[in-house]
Amino acid sequence: MAALAKSDRATRGGSSTLFASFFEEQVWNTWDESLRAFCVATSVAEQFDPALAELLSERADAVAVMEELARTNTFLMRLSDSLYRYHHLFRDFLREKAAEEGVDRAKLCKRAAEFFRARGDYTQALRFWLESADFKGMDTYLLLYLYESSSGSVADSADFMGTLRLDDLPDRAYRDCPPLHILALWYDYLTGQRERFEHHLDELYRALPRIAAFDPRFIESATLSHSIDHRTTIIDKARRFSKFGCLIKRFTPKGLATTLTSFTQNLPYPHRSNVDYSAIALEEDGMELLGKTFAPLLGTEWCYVRPLIPACFEYERNCLDAALAGIDEARRALVPENKEDGRVCIGIMEHAVLWQMGRADDAARALAQLEAYVAQEASQFLHNLRAYQAKLALFDADARAARSWLDEYFVVEAERIGLVRVFQHFTTARAYIALGRAEEAEALLRDLAEFGRGFNRPLDVGEAGALSAALLWARGRKDEAVDALAEALETLAPYGFFRVVADEGASVEPVLKSLAARIARPGYDGPLERGFVQEALLAAHERGRRFRGVCANLAAPRAGKPVKLSRQQARVLSLLARGLRTPEIAEQTGLTVPTVKSHTAAAYQKLGVHNVMDAVLKARELGLL
């Protein structure tokens, strides 16, 4: 029997016909009716413990039955001391039997739903009630899931909602329980299914009066759903807030957004998280307007969001002192009740600003504190923190960091760009570039740009455009590169943002120069202003003095021009080859530490490498040492 269950023959044809016919004849028909009924009843669950098995089968001796089944054959497998599941072939056989015998599956699913509700496991309670197909009774379980489920990784939450197959539900499900649109639209939003997302939003708007009749709290959830409608800006939605606000009798005291898995959708940048908030930068009193409308959805989180979002805008405009002041204000505004999201966002932005300012020691301390906090208190952010750390290394085209990132178990290809992994996808694109996998990088960047345009995320469009421009330039497609960068900057210009472009430093600097020359010509009639492009160019040049740029490994060597090291560069490199550290070299040569670093960087650039070992190997190969 075990061999049959595990054999390839058992599943040929896709219906497990061989297994079913053999098992029914040789085993099933020899079992007594009570054992068969037990198995059929418990097959409603993917896995179960004795308490659930007893409830489903209505047998007080469920433990003994399960132990005997597990002991005598391989069709019931013990997952832990108290958790079991059937072999998938046997489970499918049992469910077919249940259908043949007219077993009331809906009744069994409702029992399981009530069981998990009593345990406080509202995800499983929702799943089983949904499987019962009694959609008129869904609202209680949906409320518990939305308001009472424990927080965790938003990616895990999206994965769970995917198992519910919400878009496969019959139309009557949404007619009987219109609040289901809330769950479906969030799943489609998080997974990048824009057309389905827009469909559920429109149905939600039409059903608002009916939804309010179910429970007023659903209107609060609907209002939060309205806030992510990309078809209008957050400012426009705030101006029309009364359409929803008049239906809300009272807000959840601690803020509805804080009951969700992650109100930032696990993205590290608060101003481009669940939505891109750039539109607020165009409104003089934008944050005040949000404070009068959507702020109650954030509860106590608003206290630090209020100074943090404007600080992020200052960062994007490269006004780093103002950005740091706003971040400090946001940190001082934190209270013990605040979620991990805000603390992670503040930590990321603090490091980003300090790093841009060249305050290396302060930046290192900020990053170390953030790493410790995530490890101890907010492990759900670990994947994006690793993406951020890899991104930092990839500004210098670190091939080792690129390979390490792509080797992470959670870095996977996706059919479409989903919101929950946008930041990780950008790091993956950078890793492809650093490793010379240009075609893969170009395809991914196209998808990211399309995602950004479709969901009205100008900073995503700008970042994808800057990387695409740098990549195209490095591949010799210079006109395409300038066009791509022009489009990116035209998207960002209304907000005065250019930091996301300038970040690419040496890789984007030549494209910026060419673009600046284009708009300086008399015939240029585009929307870009020379001063704006010049600011981006100056910032990219400053960045290029510190990092080689993500495209450094793609730069083609200049034909017929041999590499030459200056006497001091060769001397410093030879001492590095002997294992001396920078301070030791400074002491031995009489040079200052900054001068030694300058000679080292210059040697790296000439050799097209980014670490001592590669530099020494390349220099020896060229006969320079």
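What you see below is based on every heavy atom in this structure, not just the backbone, and it leaves out hydrogens, waters and symmetry mates. Keep in mind that this is a model prediction, so the values were computed, not measured.
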Could you point out which residue of His351, Gln389, Gln376 forms a side chain to side chain donor-acceptor pair (under 3.5 Å) with Glu371?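 With Glu371 as partner, His351, Gln389, Gln376 yield a single side chain to side chain donor-acceptor pair (under 3.5 Å), made by Gln389.
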How far apart are the C-alpha atoms of Lys513 and Glu509, what are their side-chain angles, what is the distance that settles it, and do they pass the salt bridge (Lys or Arg N to Asp or Glu O under 4.0 Å) test? CA-CA 6 Å; Lys513 288 179 180 177; Glu509 184 178 354; 3.6 Å; yes
Once the angle between the rings of Phe395 and Phe547 is folded into 0 to 90°, is it parallel (under 30°), tilted (30 to 60°) or perpendicular (over 60°)?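 Rings of Phe395 and Phe547: tilted, 30 to 60°.
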Would you call the rings of Phe455 and Phe451 parallel, tilted or perpendicular, where under 30° means parallel and over 60° means perpendicular?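 Taking Phe451 first and then Phe455, their aromatic rings sit tilted (interplane angle of 30° to 60°).
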Does the side chain of [Y] come within less than 4.5 Å of [X]'s, by heavy atoms?
{"X": "Leu370", "Y": "Val374", "answer": "yes"}
{"X": "Met161", "Y": "Ser157", "answer": "yes"}
{"X": "Met357", "Y": "Asp321", "answer": "yes"}
{"X": "Asp460", "Y": "Asp276", "answer": "no"}
{"X": "Lys478", "Y": "Ser514", "answer": "no"}
{"X": "Glu316", "Y": "Phe498", "answer": "no"}
{"X": "Phe532", "Y": "Phe497", "answer": "no"}
{"X": "Tyr373", "Y": "Arg343", "answer": "yes"}

As an exercise, state the distance from [atom1] of [X] to [atom2] of [Y], rounded to the nearest 0.5 Å.
{"X": "Tyr304", "Y": "Ile309", "atom1": "OH", "atom2": "CD1", "answer": "9.5 Å"}
{"X": "Asp396", "Y": "Arg548", "atom1": "CG", "atom2": "CZ", "answer": "5.5 Å"}
{"X": "Gln534", "Y": "Leu528", "atom1": "CD", "atom2": "CG", "answer": "13.0 Å"}
{"X": "Leu565", "Y": "Leu607", "atom1": "CG", "atom2": "CG", "answer": "5.0 Å"}

Test: [X] and [Y] ion pair at under 4.0 Å:
{"X": "Glu442", "Y": "Arg446", "answer": "yes"}
{"X": "Asp362", "Y": "Arg365", "answer": "yes"}
{"X": "Glu542", "Y": "Arg545", "answer": "yes"}

Using modelled atom types only, decide if a donor and an acceptor are shared between the side chain of [X] and the backbone of [Y] within a distance under 3.5 Å.
{"X": "Asp447", "Y": "Arg416", "value": "no"}
{"X": "Ser507", "Y": "Val550", "value": "yes"}
{"X": "Glu301", "Y": "Lys339", "value": "yes"}
{"X": "Asn553", "Y": "Leu435", "value": "no"}
{"X": "Asp398", "Y": "Arg400", "value": "yes"}
{"X": "Ser574", "Y": "Arg571", "value": "yes"}
{"X": "Lys606", "Y": "Lys564", "value": "yes"}
{"X": "Tyr495", "Y": "Leu459", "value": "no"}
{"X": "Ser379", "Y": "Ala375", "value": "no"}
{"X": "Ser227", "Y": "Leu224", "value": "yes"}

Distance-only polar pair, side chains of [X] and [Y], donor-acceptor under 3.5 Å:
{"X": "Asn384", "Y": "Gln424", "value": "yes"}
{"X": "Gln568", "Y": "Ser566", "value": "no"}
{"X": "Arg543", "Y": "Gln356", "value": "yes"}
{"X": "His383", "Y": "Tyr409", "value": "yes"}
{"X": "Trp405", "Y": "Thr427", "value": "no"}

As a quick check of understanding, evaluate side chain to side chain contact (heavy atoms under 4.5 Å, CB included) for Leu290 and Trp302, giving each step before the final call. CA-CA 10 Å; Leu290 258 64; Trp302 178 251; 3.8 Å; yes
Under 3.5 Å donor-acceptor pairs involving side-chain atoms of residues 575-594, not counting sequence neighbours:
unit_1	atom_1	unit_2	atom_2	d
Glu584	OE1	Arg581	N	2.8
Thr589	OG1	Ile585	O	2.7
Thr589	OG1	Leu591	N	3.3
Thr592	OG1	Thr595	N	3.2
Thr592	OG1	Thr595	OG1	2.7

Would you find more than 12 non-hydrogen atoms of other residues, nucleotides or ligands less than 6.0 Å from [X] atom [atom1]?
{"X": "Asp159", "atom1": "CG", "result": "yes"}
{"X": "Glu450", "atom1": "CD", "result": "no"}
{"X": "Lys597", "atom1": "NZ", "result": "no"}
{"X": "Arg231", "atom1": "CZ", "result": "yes"}
{"X": "Glu288", "atom1": "CD", "result": "yes"}

Do you know the tightest heavy-atom contact between Leu267 and Cys345?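 Taking Leu267 first and Cys345 second, the nearest heavy atoms are O-SG, 4.1 Å.
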Minimum-distance pair of heavy atoms, taken over all atoms of Pro270 and Met349: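 Distance-wise, the nearest heavy atoms are CD-CG, 3.9 Å.
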Quick check, are the ring centers of Tyr277 and Phe313 under 6.0 angstrom apart?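 No: the rings miss the under 6.0 Å criterion.
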Ring center gap for Tyr189 and His230 short of 6.0 angstrom: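 Between His230 and Tyr189, which both carry aromatic rings, the centre distance is not below 6.0 Å.
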Evaluate side chain to side chain contact (heavy atoms under 4.5 Å, CB included) for Leu515 paired with Val511, printing each intermediate quantity in order. CA-CA 6 Å; Leu515 178 60; Val511 198; 5.7 Å; no
Passes side chain to side chain contact (heavy atoms under 4.5 Å, CB included), Phe160 versus Asp156? Steps please. CA-CA 6 Å; Phe160 165 73; Asp156 291 342; over 6 Å; no
Where at least one partner belongs to residues 480-501, residue pairs that pass salt bridge (Lys or Arg N to Asp or Glu O under 4.0 Å), sequence neighbours excluded: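 Those involving residues 480-501 are Arg453-Glu487, Arg477-Glu480, Asp483-Arg518, Arg499-Asp503.
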Please collect all salt bridge (Lys or Arg N to Asp or Glu O under 4.0 Å) contacts where either partner lies in residues 422-438, sequence neighbours excluded, each pair once.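 For residues 422-438: Arg430-Glu463, Arg430-Glu504, Arg437-Glu440.
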